[in-house]
Amino acid sequence: MNALLTSAVAGLTAGGTYALLGVCAVFTYRLVAVVNFTGAAIGTAGTFVLIALYEAGFPIWPSVVAGIAAGTMVGVAIGTIMTRWFGEASASTKAAVTVALLVGIIAIGLRLTGGQHPHNMPELFPGSAFRMAGVEVTIASVLTIGLAALFTVLADLFLNTTKVGLNLRALADRPMAAELLGIRVQLLSLLVWGMTGAFTTFALMIIAPQRSPNFMTLSLLVVPALAAALVGLFRSFWRTLAGGIVLGLVEGMASSVDSISQYRSAIPFLVVLAVLLWSQREARWDEAR
Amino acid sequence: MSKLVVSNLSINRAELPVVSSLDISVESGAISVVLGANGAGKTTLLEGLSGIIPVAGGSIAIDGRDIHKARPGVRSREGLAHVEQGRTVFRQLTTEENLKVSLHSGADLAEAYALFPELVQRRTVRASLLSGGEQQMLVIARALLTRPKVLLIDEMSAGLAPVIVTRLMSAVRKLADNGLAVLLVEQFAALALSIGNRAYVMRRGRVVHDGDCMKLLKSPDELHRLYLGG
């Protein structure tokens with residue numbers, strides 16, 4: 001039992017990261033109508049800038065800032081492609097374009113970072129925050145969950161209490177009507193891409209030491225992130241936050257059960273399947289009748 | 001002097017010409033009415049003017065400044081407002097939030113409520129839950145708050161009860177009387193001509209008639225002939 005609890009708590013860091021990446025995915029979808037498969041890859045690019053600078057001997061915190069800046073810029077670059085050439089495309093076309101971009105970013109990233117070559121990723125927040133039921137809860141776990149919750153609260157406040165947030169909600173509803181009213185649609189879209197790029201980069205910097213710091217592995221964290229976003233049906237920030245954390249906990253617990261531990265990476269797919277079946281049940285039932 | 005001057009304008013859709021060599025103008029304080037049968041190119045004309053679709057050639061000038069290559073947002077900031085067909089409210093926002101989105105410096109929400117007092121009681125209601133007439137009032141009021149010099153209105157009567165259409169027409173006349181230049185595309189020809197100053201009739205992407213609204217209103221046979229050709 002204690003082993004299961006220890007594994008579950010160990011999954012909290014991953015859960016916080018899934019939650020934050022998921023909330024960023026919901027933010028991007030709600031405001032610029034893109035199911036963004038490049039979310040984690042954007043953060044990975046920024047994280048590898050940190051790794052490269054750290055390995056070259058630069059001090060850690062300036063390297064973190066440079067990494068976040070790089071992640072923001074990659075986010076803005078992807079956003080520029082999406083708003084400039086695919087702004088009026090359908091949601092499925094936009095999603096397909098981000099899948100193509102993900103493949104491209106992974107290919108470039110693996111080439112530049114030496115593929116499976118091991119890297120020295122500094123642990124930004126080492127150590128334990130507190131003990132819970134006899135299990136150490138790491139600072140990284142607390143921080144990723146806190147960051148995800150903070151982003152959720154800030155996103156809600158930003159969208160509901162500021163003029164820019166109001167303009168973004170209008171933009172998400174009817175982009176052309178918003179542009180016809182003089183709203184700077186491209187600038188606001190790039191703001192969304194830049195903000196999510198910065199947050200995902202920081203989240204991945206925290207989780208990277210616990211994963212194999214490989215460009216592809218980190219980029220594919222988009223799968224559990226989108227599973228979490230699907231729990232929130234790409235609308236609710238809070239359900240996405242909860243979905244991400246629960247996903248991390250379940251993955252953690254699964255790792256302590258020998259018979260299923262090797263299949264734990266399939267858990268996000270099972271969640272996606274379960275949510276799709278649940279959310280579509282009424283439509284399918286109506287069809288069957 | 002005309003606020004909006006459109007010269008030799010051509011607009012294509014899927015590389016086929018829909019509007020060709022078109023010249024129109026709209027003066028401050030006046031309503032220019034554009035009439036024509038379905039497929040004449042009226043909506044395409046307005047979409048080309050506001051930048052929703054690119055123009056193939058010609059010029060569009062507001063106060064003498066050519067804007068035909070500018071993006072829709074830039075044209076809006078130059079003083080062009082477009083009330084699109086289909087009552088394009090922001091569905092998830094309330095009435096008041098819809099108005100606040102377009103609130104430019106110097107404008108006041110009170111102006112919108114003064115034009116359509118019906119919206120005051122509905123200020124906290126989500127726009128998707130408003131009636132068709134209220135939604136149309138909201139998009140016109142929203143456009144007004146961008147402080148436009150020229151207002152383009154496309155088929156505002158579509159799907160609305162005659163009493164609501166009459167109410168909307170009188171509000172548009174009031175806006176023109178306050179100095180706005182209005183270009184009104186409308187299917188309800190008689191009602192539009194009754195509030196308009198200058199009438200254009202389009203057929204197959206070209207202006208086939210340019211004259212006084214009252215004269216055309218008094219000649220229904222002429223209007224019928226212009227619509228159908230011959």
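Note on naming: letters A, B, ... go to the chains in the order of the sequence lines (proteins, then strands), and numbering restarts at 1 for each one.
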| field | Which of B/R75, B/E97, B/E78 touches chain A most, by non-hydrogen pairs under 4.5 Å | value |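 Option with the top pair count is B/E97.
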
| task | Look at B/N98, B/T88, B/T146 and state which one has the largest set of heavy-atom pairs under 4.5 Å with chain A. | result |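 That would be B/T88.
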
| query | For chain A, which residues from residues 42-53 of chain B lie under 4.5 Å away (heavy-atom distances)? | reply |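 Contacts with chain A: B/S50, B/I52.
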
| task | With chain B as the partner chain, list the residues of residues 158-168 of chain A whose heavy atoms fall under 4.5 Å from it, by residue number, and write 'none' if nothing qualifies. | result |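 Answer by number: A/K163, A/L166, A/N167.
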
Is it true that, when you exclude [X] itself, more than 12 heavy atoms of the residues, nucleotides or ligands shown sit nearer than 6.0 Å to its [atom1]?
{"X": "A/R239", "atom1": "CZ", "value": "no"}
{"X": "B/K149", "atom1": "NZ", "value": "yes"}
{"X": "A/R84", "atom1": "CZ", "value": "no"}
{"X": "B/F116", "atom1": "CZ", "value": "yes"}

| message | So, taking the atom named CZ in A/R174 and the one named CD in B/E84, what distance separates them when rounded to the nearest 0.5 Å? | response |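 Going from the CZ atom of A/R174 to the CD atom of B/E84 covers 8.0 Å.
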
| query | With a 4.5 angstrom heavy-atom cut-off, which part of B/Q92 approaches chain A: side chain, backbone, both or neither? | reply |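 Its backbone and side chain both get close to chain A.
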
| task | Would you mind checking which part of B/R142 comes under 4.5 Å of any heavy atom in chain A, side chain (CB onward), backbone (N, CA, C, O), both or neither? | result |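 Both parts, backbone and side chain.
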
| Is there side-chain contact between B/S76 and A/L180, with at least one heavy-atom pair below 4.5 Å? |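 In short, these two side chains do not touch, never coming nearer than 4.5 Å.
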
| said: Within the 4.5 Å heavy-atom criterion, are A/L181 and B/F90 side-chain neighbours or not? | reply: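 Yes. Closest side-chain heavy atoms under 4.5 Å.
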
| So which heavy atom on B/R77 is nearest to which on A/G182, and how close? |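 Closest heavy-atom pair between B/R77 and A/G182: NH1-O, 2.7 Å.
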
| query | Does any heavy atom of chain B fall under 4.5 Å from the side chain of A/A172, the backbone, both, or neither of them? | reply |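 Neither the backbone nor the side chain of A/A172 comes within 4.5 Å of chain B.
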
